[in-house]
Amino acid sequence: MDTRGPHRLGESAVVVGASMAGLCAARVLSDHFRQVTVVDHDALSDDVRWRPRVPQGRHPHLLLQAGSRLLEGWFPGILDELYAAGATEFDFCGDFYRYRYGGPLVRPPTGMVGPVMSRPLLEATVRGHVAALPGVTLRGGSSAKGVVTGDAGARIVGVRMSDGSALDCDLLVDATGRQARSLGWLKRMGYAEPPTSVVTVDTHYTSRTYRREEQPGRDWKAAAVIGDPDSRRLAFALPWEGDRWVVGLVGINGEVPPTDEADRLSFARSLGSPVVADLMAASRPLDEPTSYRFVANQRRHVERMRRFPLGWLLIGDAVCCLDPIHGQGMSTAAQQAATLGRVLDESRALDRHFSRRYFRTVAHPVAAAWSVAVGGDFVYAGTTGRKPTGTDLLNRYMTRVTVAAQHDAAVCVRFGEVSGLIRRPEWLLTPAFVLRVLRHARRPGESAPRTETTGVV
Ligand SMILES: Cc1cc2nc3c(=O)[nH]c(=O)nc-3n(C[C@H](O)[C@H](O)[C@H](O)COP(=O)(O)OP(=O)(O)OC[C@H]3O[C@@H](n4cnc5c(N)ncnc54)[C@H](O)[C@@H]3O)c2cc1C
């Protein structure tokens, strides 16, 4: 007898999309279905290499605390495996040089430790664990192109593949990313798309890898230098396995980072801190720069959908696709999968109640990440779309939080917990915390004595 999981909700589930959201979804589904099939357009090899349909894999990716904790819970030992494969063990406060509003944040050591690595290494490692789960099959090189329905179109009972075959399923999970391919299939059957919020930021990445060598005096493992909002410029340097740095230069609101190395260096030098520029100047490039344009944050309000077929869900970027500068996409996808796992645990059948419950509860982690990302993007004057009420006031306060985090370890840690999605944004608004921030209220860039104690706020 198969004793996996709390209880069975169906025979088979199909996940379309084997990127981070699809892989995390497969993990939780495997507790409740005898057979879980994950299909993806791209060939899914064991190699660590970027995939054509996940082009963002060539750019810096930070796995936030929320994401790494969920992965370790689902796949015990995975973090050690990543370290063994060359990922850098990294304290999100202690090892992270973050420069913003005229100064670097303090760097107290914390328990917020996780791996930094390339996206292909992370994805290949997670994929290996998912492929080893009992009942899970990964099918690379397979494109889904439609659905099979039952109950006169009221329920999804299968997925049509582009080779003409069909996969039966009790539940279809669409993890096809921002495009949410199944919405087009459902539209042909008369189902409306969920209401969607869009906030346009027009972010451009240009990234390149460099040979990583010891540099005397460097006491950080990763750096983010964020120029003043008017400059619309940022730079990241993250360590990748294989003794590499990846340096991402980022422009916001249509600012396009250059690809020529001399111009890249000037771009990095134009920021308030020279640390990323110095690293580039001292390191040998290993490849050609590669660019990516992200136009808009997009959130599908699945919680407001009135009509949808049973046996169908969206997850990951298909629900909410966020400006990558905030580094939340993979962790938010993992949080959505964790939500799906909880709803499956609590459900008795794949009925309307199950679907509604999932759509309603998945909106919670999504709303938190959306408020951080969209709020952060409205710092830039050219960002357009519906601005949540109070954003300008909140952003003025967030400037104060950042300035306080340049001096106060406790503020820095709390800020890191919220940015790492392990605390909700409301934790930055508790009376004790606000008072602590306001005690440091001074103009951005003004220096003040540093508080090394983490305290309690
Ligand atoms: C430049 C950049 C930098 C980023 N940096 C970070 C970061 O630092 N930290 C972070 O957490 N996130 C980051 N992200 C976001 C992150 O990449 C995504 O949020 C994450 O990949 C989750 O997306 P997903 O799995 O929902 O979809 P995707 O990653 O878009 O994957 C969708 C998958 O579906 C497959 N697919 C699509 N249609 C079909 C079909 N019809 N049949 C079969 N397969 C199909 C595709 O082949 C693909 O594998 C970044 C994104 C970008 C663009």
Side-chain angles (χ1 to χ4, degrees), residues 19-21 24 54-71 79 82 87-88 90-93 95-100 105 110 112-123 126 177-178 199 201 203-207 220-227 233-240 245-252 276 292 294 296-299 316-317 320-336 365-366 368-377 379-380 398 402 405 412 415-425 428:
S19 185
M20 288 305 287
C24 294
V54 184
Q56 70 266 38
R58 300 176 78 172
H59 297 273
H61 268 64
L62 206 50
L63 177 66
L64 302 180
Q65 271 295 285
S68 66
R69 288 183 186 183
L70 283 167
L71 289 179
L79 299 186
L82 288 164
T88 297
F90 163 82
D91 182 320
F92 276 77
C93 285
D95 295 324
F96 200 3
Y97 177 93
R98 281 176 295 171
Y99 181 99
R100 191 168 198 188
L105 274 57
T110 66
M112 288 188 285
V113 175
V116 188
M117 68 255 113
S118 72
R119 165 70 185 256
L121 173 61
L122 175 64
E123 202 178 298
V126 174
R178 184 183 182 94
V199 170
V201 59
T203 297
H204 291 253
Y205 272 61
T206 302
S207 304
W220 45 264
K221 294 182 181 175
V225 177
I226 301 175
R233 292 180 172 192
L234 288 65
F236 300 112
L238 301 184
W240 275 2
W245 289 112
V246 61
V247 174
L249 303 183
V250 183
I252 313 283
V276 174
Y292 191 99
F294 175 94
N297 296 278
Q298 173 184 278
R299 177 178 174 193
D317 279 14
C320 187
C321 185
L322 299 161
D323 183 358
I325 63 166
H326 308 286
Q328 298 172 312
M330 300 188 297
S331 298
T332 309
Q335 288 181 319
Q336 292 177 52
V366 164
W370 176 263
S371 73
V372 171
V374 164
D377 283 353
V379 164
Y380 300 96
M398 286 310 297
T402 309
C412 188
F415 184 39
E417 289 167 340
V418 171
S419 318
L421 301 178
I422 54 174
R423 280 192 198 261
R424 290 188 60 88
L428 297 179

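In this chain, numbering begins with 1 at the start of the sequence shown.
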Checklist entry - What are the two closest non-hydrogen atoms of C412 and C93, and how far apart are they? => result O-SG, 4.0 Å
Item to check | salt bridge (charged side-chain N to carboxylate O under 4.0 Å, His left out) partners of D95, counting only residues at least two apart | outcome: K221
Checklist entry - Does L71 have any side-chain contact (heavy atoms from CB on, under 4.5 Å) partners at least two apart in sequence or in another chain, and if so, which? => result M20, C24, L63, W74, F75, I78, L122, V126
Next on the checklist: Which residues pass the side-chain contact (heavy atoms from CB on, under 4.5 Å) test with A373, not counting sequence neighbours?
Outcome noted: N297, L322, H326, Q328
Item to check | Closest non-hydrogen atom pair, W370 against C320 | outcome: CE3-SG, 3.8 Å
Checklist entry - With R423, which residues qualify under side-chain contact (heavy atoms from CB on, under 4.5 Å), at least two apart? => result R414, E417, V418, W427
Checklist entry - Do you know the tightest heavy-atom contact between L64 and G420? => result CB-O, 3.7 Å
Checklist entry - Who are the ring-ring contact (aromatic ring centres under 6.0 Å, His included) partners of Y205, not counting sequence neighbours? => result H59
Item to check | Close side-chain approach of S207 to Y292, heavy-atom, < 4.5 Å | outcome: no
Item to check | From CZ (F236) to CG (L249), nearest 0.5 Å | outcome: 10.0 Å
Checklist entry - Tell me, do I325 and D377 make a side-chain contact under 4.5 Å, heavy atoms counted? => result yes
Checklist entry - Would you say Q336's side chain and G316's backbone share a donor-acceptor pair under 3.5 angstrom? => result yes
Next on the checklist: Taking side-chain hydrogen bond (donor to acceptor under 3.5 Å, both in side chains) as the definition, give me every residue that meets it alongside S419, ordered by chain and number, with sequence neighbours left out.
Outcome noted: none
Next on the checklist: Just to verify, what does R98 make a salt bridge (charged side-chain N to carboxylate O under 4.0 Å, His left out) with, not counting sequence neighbours?
Outcome noted: none
Next on the checklist: Holding to side-chain contact (heavy atoms from CB on, under 4.5 Å), I want the full list of residues that pass it with R69, two or more places apart in sequence or in another chain.
Outcome noted: Q65, M112, I422
Next on the checklist: With a 4.5 Å cut-off on side-chain heavy atoms, are V246 and S118 touching?
Outcome noted: no
Checklist entry - Regarding S19 and R119, is there a side-chain donor-to-acceptor distance under 3.5 Å anywhere? => result yes
Next on the checklist: Testing the basics here: between G57 and W240, what is the closest heavy-atom pair and its distance to 0.1 Å?
Outcome noted: O-CH2, 4.0 Å
Checklist entry - Y97: what forms a side-chain hydrogen bond (donor to acceptor under 3.5 Å, both in side chains) with it, not counting sequence neighbours? => result S273
Checklist entry - For the residue pair F415 and M398, what are the closest heavy atoms and their distance? => result CE1-CE, 3.5 Å
Item to check | Check: Q335 side chain, L421 main-chain N or O, donor-acceptor pair, under 3.5 Å | outcome: yes
Checklist outcome for this item: Note: D91 and T110 closest approach over all heavy atoms is OD2-N, 2.6 Å
Checklist outcome for this item: Taken in chain and number order and not counting sequence neighbours, the residues that satisfy salt bridge (charged side-chain N to carboxylate O under 4.0 Å, His left out) with R299 are E303
Item to check | Listed partners of R178 passing salt bridge (charged side-chain N to carboxylate O under 4.0 Å, His left out), at least two apart | outcome: none
Next on the checklist: Can you list everything that forms a ring-ring contact (aromatic ring centres under 6.0 Å, His included) with F96? Sequence neighbours excluded, please.
Outcome noted: F90
